[in-house]
> 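Take this structure first; my questions come after.
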There are 2 protein chains.
Amino acid sequence: MTTAVTLCCMVIEHGAPEPLYRQLAAIIRDRIASGEYPPRTRVPSITQLAAEHDIAEMTARKALDLLVGEGLLIAVSGRGTFVT
Amino acid sequence: MTTAVTLCCMVIEHGAPEPLYRQLAAIIRDRIASGEYPPRTRVPSITQLAAEHDIAEMTARKALDLLVGEGLLIAVSGRGTFVT
DNA sequence: GCCCATTTGTACGTATGTATG
DNA sequence: GCATACATACGTACAAATGGG
């Protein structure tokens, strides 16, 4: 028996029990784990993340801050945010 | 020879190279280390910290978030923020 | 159970500064 | 100089949890 991993359609839901910034952090965490965002590459900018997921920039920033705090990302002022 | 420890007048300075929220976090960290805020006790609320140090509530909140992330504090919704 | 004050949590808005290319 | 991107800081509103009366 195979294990079906359903990662399709990772969409942020307003009004979900999980807060928006945690939902976004989880999505990015998954993309890092899956190799979609390999080490040393740049993740989308705060502006891009906010636009793509239809959330406020502050909320996108909070998601990245969380992952930076976890050590998964490193933010470099003026350049972007990178996978460790 | 004695070692003089100057912890007097820990005042937050606007315009200092160190950002306000880091200054406040450092002050709280020192008070925990010195025993002024012993384990399991409550630190001042965000509203109190903001008023006492003449900074915005968001800035005080960010300082606490930083220390929560470091594991020095635990925030309990509706009750307060406590020293671990 | 209910109301109220307090406190943290989440989310959005805005402005300015700093760093990079 | 300029565009992009992160950093800091203030402002605001509402939700949720807690505890006291």
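Order of the sequence lines sets the chain letters (A, B, ...), proteins ahead of strands, with each chain counted from 1.
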> Mind listing the N/O atom pairs, protein and nucleotides 4-11 of chain D, below 3.5 Å?
| unit_1 | atom_1 | unit_2 | atom_2 | d |
| --- | --- | --- | --- | --- |
| D:dC6 | OP1 | A:T81 | OG1 | 3.4 |
| D:dC6 | OP2 | A:I46 | N | 3.1 |
| D:dA7 | N7 | A:R61 | NH2 | 3.4 |
| D:dT8 | OP1 | B:Y21 | OH | 3.3 |
| D:dT8 | OP2 | B:Y21 | OH | 3.0 |
| D:dA9 | OP1 | B:L20 | N | 2.5 |
| D:dA9 | OP2 | B:L20 | N | 3.0 |
| D:dA9 | OP2 | B:Y21 | N | 3.3 |
| D:dC10 | OP1 | B:H14 | NE2 | 3.4 |
| D:dC10 | OP2 | B:A56 | N | 3.2 |
| D:dC10 | OP2 | B:T59 | OG1 | 2.4 |

> Among all residues two or more places apart in sequence or in another chain, which pass the salt bridge (charged side-chain N to carboxylate O under 4.0 Å, His left out) test with B:E52?
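Counting only residues at least two positions away or on another chain, B:E52 forms no salt bridge (charged side-chain N to carboxylate O under 4.0 Å, His left out).
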> Does A:V68 share a hydrophobic cluster with A:I27, counting links as ILVMFWY side-chain heavy atoms below 4.5 Å and allowing steps through other members?
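A:V68 clusters together with A:I27.
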> For chain A and DNA chain C, what are the first and last nucleotides along the strand, 5' to 3', with at least one atom under 4.0 angstrom from a heavy atom of the protein chain?
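So the contact region on DNA chain C extends C:dT10 to C:dG21.
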> Enumerate, atom names and distances included, each donor-acceptor pair closer than 3.5 Å involving a side-chain atom of residues 10-18 of chain B, sequence neighbours excluded.
none

> Can you list the residues that meet the salt bridge (charged side-chain N to carboxylate O under 4.0 Å, His left out) rule with A:R22, with sequence neighbours excluded?
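Residues passing salt bridge (charged side-chain N to carboxylate O under 4.0 Å, His left out) with A:R22: none at all.
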> Could you pull out all residues at least two apart from A:R31 that satisfy salt bridge (charged side-chain N to carboxylate O under 4.0 Å, His left out)?
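Listed in chain order: A:E36.
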> Using residues 57-67 of chain A as the side-chain source, report each donor-acceptor pair under 3.5 Å to any protein atom, sequence neighbours left out, with the distance given to one decimal.
| unit_1 | atom_1 | unit_2 | atom_2 | d |
| --- | --- | --- | --- | --- |
| A:E57 | OE2 | A:T47 | OG1 | 3.4 |

> Does anything in residues 68-84 of chain B pair up under salt bridge (Lys or Arg N to Asp or Glu O under 4.0 Å), and if so which pairs, sequence neighbours excluded?
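Residue pairs with at least one partner in residues 68-84 of chain B: B:R29-B:E70.
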> If you fit an axis to the five pairs at each end of the helix from C:dC2-D:dG21 to C:dG21-D:dC2, how big is the angle between those two axes, to 10 degrees?
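End-to-end axis angle: 10°.
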> Any link between A:L49 and A:I46 through a network of hydrophobic side chains (Ile, Leu, Val, Met, Phe, Trp, Tyr) touching at under 4.5 Å?
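Yes, because A:L49 and A:I46 connect within a single hydrophobic cluster, where side-chain heavy atoms sit under 4.5 Å apart.
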> Nearest heavy-atom pair of A:R40 and A:F82: which atoms, and what distance?
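Looking at all heavy atoms of both residues, the shortest contact is O-CD2, 3.8 Å.
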> Using side chain to side chain contact (heavy atoms under 4.5 Å, CB included) as the criterion, list what pairs up with A:S77, not counting sequence neighbours.
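By the side chain to side chain contact (heavy atoms under 4.5 Å, CB included) rule, A:S77 matches no residue at all.
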